[in-house]
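Reviewing the structure listed below.
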Amino acid sequence: MLCESNMPAVVYPTLLLCVYGFFSNLRPSEPFLTAYLMGPDKNLTETQVVNEIYPIWTYSYLVLLFPVFLATDYLCYKPVLVLQATSLVVTYVMLLKVQGLLAMQFLEFFFGLATASDVAYYSYIYSVVEPAHYQRVTGYCRSITLFGSAAGSLTGQLLLSVAKVQLLHLVIITLTSAAVAFVAPWFLPMPKRSLFFHKSPGAAEERPRSSSPALLEKTEDSESKVPLNTQNAPMISRSSEAGAHDRGLVDVLRMLFDDFLQCYRCRPLLAWSLWWALATCGYFQVINYAQALWENVRPSHDYEIYNGYVETLSTLLGALAALLVGYLPVCWAVWGELALCLLSLLMAVCVFVMDTLRNIWVCYSSYVLFRATYMLLITVATYQIAASLNMQRYALVFGVNTFIALLLQTLLTVVVVDSVGLGLNVFTQFFIYGGYFAVISLVFLLAGLCKLASRRRSEQEVLANSPEETESDSPPISAANSC
């Protein structure tokens, strides 16, 4: 329960942030972007769209991610939220008004800036509410973005299929939604603290996921199921020992580097982070170029397309999978790597099916299953990583994992997609993406088998050296797998 005295301080920024999150993600034109660019409104070729325009988003996102990450914290979030809102408005004004290849490449740069600024949206709320409310407000802010995305896709499809509106009108509606979202950040209260540059004393020691007694009890009860949990002391950032509120850039970078080394020495965290980075790279590639694949399988100028329904269904099923993951009877400490292996293999099969069968309904179904599987696994990975980290280190690990994913995606884009590289057609691209997920599956199959062999060897040693320990409630964990 929220204390009544704190209610206005929590409700006002949360409500404004949810309004912003909903309207900034309400994009009816999004599922039909490729059809719009290749249609009579923009009259671009498939090669220009796939090999010369879309890669710019990947490059700009990669280049801007780290500077925006630091600027977000230094400027205390709100200015970067305003920047993101402005970038979205500029993006859709350009999509509506300008013509030509170069203009569309600049559009992708601004959209990359907006995407890199997502960190401000997801971290702002932690600077203006107390840790006791983190779990609840995080749920609100994340859920509303999914709802906005699903509502936008469904609205676009209904307007296209039922009202028979033109794609240009969907862009106008999306621009209107972005303009509404632009208003909200200006009224948000300006935070007085941040995670790195403007710390409040002891802030790093807060563990929001364990802030309430009920949550503490739940965490302790499931301790044996979380491979990343270690004793609290080593995982508390040393930066909290200092009393200073404000830090310089050099101090922050040094602290981030020390925390980076400390975090990634934890082998379970490293394993889950590896999957996060590898899978997110492939996931971005598939969703970025899925519309181009569908356009080849079922051209929009000859047939009615249902991309909006597919995006709506995949978003809602992915959200449902993320909600239900906590009820899965899986001991991730034991079976995590093998689960990642099997489900990564399923994602590989989905991509191969989209590429080889070339039936639009099979493509749609495989895409929905692919997205739902990824959202389920990324939820598990997020929890497994976050369970052992304070908020400051979680932000660092999230940023590093995303940066590595983007770096891998950039390499993949340059070699496979971009016209300066191989510039392959979309079907060949998807064949490579399917093989990419198959390699991820193989990596975690080997890791899982090694882990099970190590665990069995450890159990045998314990039985041989200290038989009385066999009465323990949970199986012993190999020292090699501890942080």
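The residues of the chain are indexed from 1 along the displayed sequence.
Looking at Ser60 and Glu108, their side chains never bring a donor and an acceptor atom within 3.5 Å of each other. A donor-acceptor pair shorter than 3.5 Å can be found between the side chains of Glu46 and Asn296. Between the side chains of Ser344 and Trp275, at least one donor N or O sits under 3.5 Å from an acceptor N or O. Gln409 and Gln285 share a side-chain donor-acceptor pair at under 3.5 Å. Between Ser153 and Glu30, the side chains place no donor N or O within less than 3.5 Å of an acceptor N or O (distance only, hydrogens not considered).
Judged purely by atom type and a 3.5 angstrom limit, Gln429 uses its side chain to pair as donor or acceptor with the backbone of Leu424. Counting only distance, with no hydrogens or angles, the side chain of Asp418 and the backbone of Gly421 share no donor-acceptor pair below 3.5 Å. Although no hydrogens or angles enter the test, the distance criterion places a donor-acceptor pair under 3.5 Å between the side chain of Arg27 and the main chain of Ser24. Asn25 contributes no side-chain N or O that, together with a main-chain N or O of Ser149, makes up a donor-acceptor pair within less than 3.5 Å. In this structure, the side chain of Asn401 does not engage the main chain of Ala277 through any donor-acceptor pair within 3.5 Å. Checked by atom type and distance alone, the side chain of Arg298 pairs as donor or acceptor with a backbone atom of Glu304 at under 3.5 Å. Side-chain atoms of Lys42 do not come within 3.5 Å of backbone N or O of Gly39 as any donor-acceptor pair. Between the side chain of Gln84 and the backbone N or O of Ala114, at least one donor-acceptor pair lies under 3.5 Å.
Checking Tyr289, Phe109, Phe284 one by one against Trp57, the ring pair (Phe, Tyr, Trp, His ring centres under 6.0 Å) holds for a single residue, Phe284. Just one of Leu88, Val63, Val68 meets the side chain to side chain contact (heavy atoms under 4.5 Å, CB included) condition when paired with Leu113; it is Val68. For the pairing with Phe398, the ring pair (Phe, Tyr, Trp, His ring centres under 6.0 Å) check across Phe69, Trp276, Trp272 returns one residue only, Trp276. For the side chain to side chain contact (heavy atoms under 4.5 Å, CB included) criterion with Thr72, the lone passing option out of Asp118, Leu81, Val80 is Val80. When each of Gln291, Gln157, Arg371 is checked for a side-chain hydrogen bond (donor to acceptor under 3.5 Å, both in side chains) with Glu311, only Arg371 meets the rule.
In this structure, the side chains of Val165 and Ile173 stay at 4.5 Å or more apart for every pair of heavy atoms. Within the 4.5 Å cutoff, side-chain heavy atoms of Leu26 are placed close to those of Phe23. Side chains of Asp355 and Val351 form no contact here, defined as non-hydrogen atoms less than 4.5 Å apart. With contacts defined as side-chain heavy-atom distances shorter than 4.5 Å, the pair Ser123/Tyr77 qualifies. At a threshold of 4.5 Å between non-hydrogen side-chain atoms, the residues Tyr436 and Ser441 do not count as touching. Residues Phe22 and Thr145 have side chains not in contact (no heavy-atom distance under 4.5 Å, counting atoms from C-beta outward). Counting heavy atoms from C-beta outward, Tyr59 and Val414 have side chains that approach closer than 4.5 Å. Annotation: side chain of Cys76 is not in contact with side chain of Tyr124 (no heavy-atom distance under 4.5 Å).
Here Tyr374 contributes atom OH and Ser314 contributes atom OG; the two are 13.5 Å apart, rounded to the nearest 0.5 Å. One distance of note links CG of Leu270 with OH of Tyr264; it measures 8.0 Å at 0.5 Å rounding. Annotation: the span from Thr14 atom OG1 to Ile125 atom CD1 amounts to 3.5 Å, rounded to 0.5 Å.
Residues Phe431 and Phe352 bring their aromatic ring centres within 6.0 Å.
For Tyr309, the OH atom counts as densely surrounded, since its 6.0 Å shell holds more than 12 non-hydrogen atoms of other residues, nucleotides or ligands.
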